[in-house]
Enquirer: 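Handing you this structure, nothing more for now.
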Amino acid sequence: EDKVVQSPLSLVVHEGDTVTLNCSYEVTNFRSLLWYKQEKKAPTFLFMLTSSGIEKKSGRLSSILDKKELFSILNITATQTGDSAIYLCAGGTSGTYKYIFGTGTRLKVLA
Amino acid sequence: DTGVSQDPRHKITKRGQNVTFRCDPISEHNRLYWYRQTLGQGPEFLTYFQNEAQLEKSRLLSDRFSAERPKGSFSTLEIQRTEQGDSAMYLCASGGNEAFFGQGTRLTVV
């Protein structure tokens with residue numbers, strides 16, 4: 001059965017810290033890995049990764065995929081209180097294009 | 001606003017009643033997804049459409065759930081004979097290679 005596992009489940013840091021969130025996946029016919037940020041509402045798209053070793057970057061956020069070891073990481077540098085959210089990753093399958101989500105990492109950034 | 005739109009945003013219903021939710025995807029997207037999310041969990045896949053064709057439905061999905069996308073544009077999700085366990089956030093997403101979510105419909109069954 002397809003599954004996506006995220007770690008840690010929760011994390012508390014102080015403003016200015018750097019955090020690394022982990023996502024491992026076992027997805028049949030894997031096509032892509034997506035990262036989302038979820039605050040009190042629906043998930044907001046961050047990144048889509050399809051190729052190993054190519055870093056995607058947006059401001060203080062960056063992500064990379066390792067298709068050999070079946071994992072991805074999301075890095076956030078110089079964290080701010082506005083980064084407090086649940087971060088979700090999802091493995092996408094080819095063919096049906098459905099996404100399998102992990103349970104998320106809850107990040108809290110203290111001022 | 002050209003994002004994914006869902007209606008209603010909130011629904012409270014009595015157990016046993018039927019409910020229907022609507023999703024209007026981003027206009028150029030031919031893929032549309034329904035997910036369900038409960039507290040502390042990631043979104044759980046329910047079903048997926050490519051244009052008007054329903055290509056996959058979760059095996060976990062009860063027969064009380066049905067979804068349609070009659071003209072390949074908006075979609076509806078109906079839950080018949082609601083149960084308290086159906087209380088959740090119902091999320092619609094549309095996409096090409098990525099998936100973009102709407103704001104969700106929060107269902108409370110009392």
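Every chain is numbered from 1 and lettered A, B, ... according to where its sequence line falls, protein lines coming before strand lines. It should be emphasised that the depicted structure is a prediction, and the values quoted were computed from it without experimental measurement.
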Enquirer: With rounding to the nearest 0.5 Å, note down the distance linking OG1 in A/T103 to CD in B/Q37.
Expert: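 Here the rounded value is 10.5 Å.
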Enquirer: More than 12 non-hydrogen atoms from neighbouring residues, nucleotides or ligands closer than 6.0 Å to CG on A/L110, yes or no?
Expert: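 Enclosed: over 12 neighbouring heavy atoms sit under 6.0 Å from CG of A/L110.
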Enquirer: Verify the neighbour count for atom CZ of B/R15: are there more than 12 heavy atoms of other residues, nucleotides or ligands below 6.0 Å?
Expert: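 Incorrect, the count does not exceed 12.
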Enquirer: Out of B/A99, B/G102, B/G40, B/G95, which one racks up the most heavy-atom pairs below 4.5 Å with chain A?
Expert: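 Top count of heavy-atom pairs under 4.5 Å with chain A: B/A99.
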Enquirer: Side chain, backbone, both or neither: which part of B/Q41 has a heavy atom under 4.5 Å from chain A?
Expert: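 Interface part for B/Q41: both.
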Enquirer: Of all the residues in residues 29-41 of chain A, which have a heavy atom that comes within less than 4.5 Å of a heavy atom in chain B?
Expert: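 Checking residues 29-41 of chain A against chain B gives A/R31, A/L34, A/Y36, A/Q38, A/K41.
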Enquirer: With the 4.5 Å side-chain cut-off for hydrophobic clustering, are B/W34 and B/F100 part of the same group?
Expert: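 Not linked; separate clusters.
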Enquirer: The criterion is side chain to side chain contact (heavy atoms under 4.5 Å, CB included); which residues satisfy it with B/L61, sequence neighbours excluded?
Expert: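 Checked B/L61 against side chain to side chain contact (heavy atoms under 4.5 Å, CB included); matches are B/L46, B/K57, B/S58, B/F65.
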Enquirer: Can a donor-acceptor pair be found, under 3.5 Å and without considering hydrogens, that links the side chain of B/Y35 to the backbone of A/Y99?
Expert: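 Indeed, once roles are kept as given, a pair shorter than 3.5 Å links the two residues.
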Enquirer: Which residues in residues 66-94 of chain B have a heavy atom less than 4.5 Å from any heavy atom of chain A?
Expert: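 If one takes a 4.5 Å heavy-atom cut-off, the residues of residues 66-94 of chain B near chain A are B/L91.
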Enquirer: In terms of hydrophobic clusters joined by side-chain contacts under 4.5 Å, are B/F101 and A/Y87 together?
Expert: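 No, it is not one cluster - the side chains of B/F101 and A/Y87 are not joined through contacts under 4.5 Å.
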Enquirer: Where along residues 42-75 of chain A does a heavy atom come under 4.5 Å of chain B, listed by residue number?
Expert: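 The stretch touches chain B at A/A42, A/P43, A/F45, A/M48.
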Enquirer: Distance check, rounded to the nearest 0.5 Å: B/F45 atom CZ versus A/D2 atom CG?
Expert: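 Interatomic distance, B/F45 CZ to A/D2 CG, rounded to 0.5 Å: 11.0 Å.
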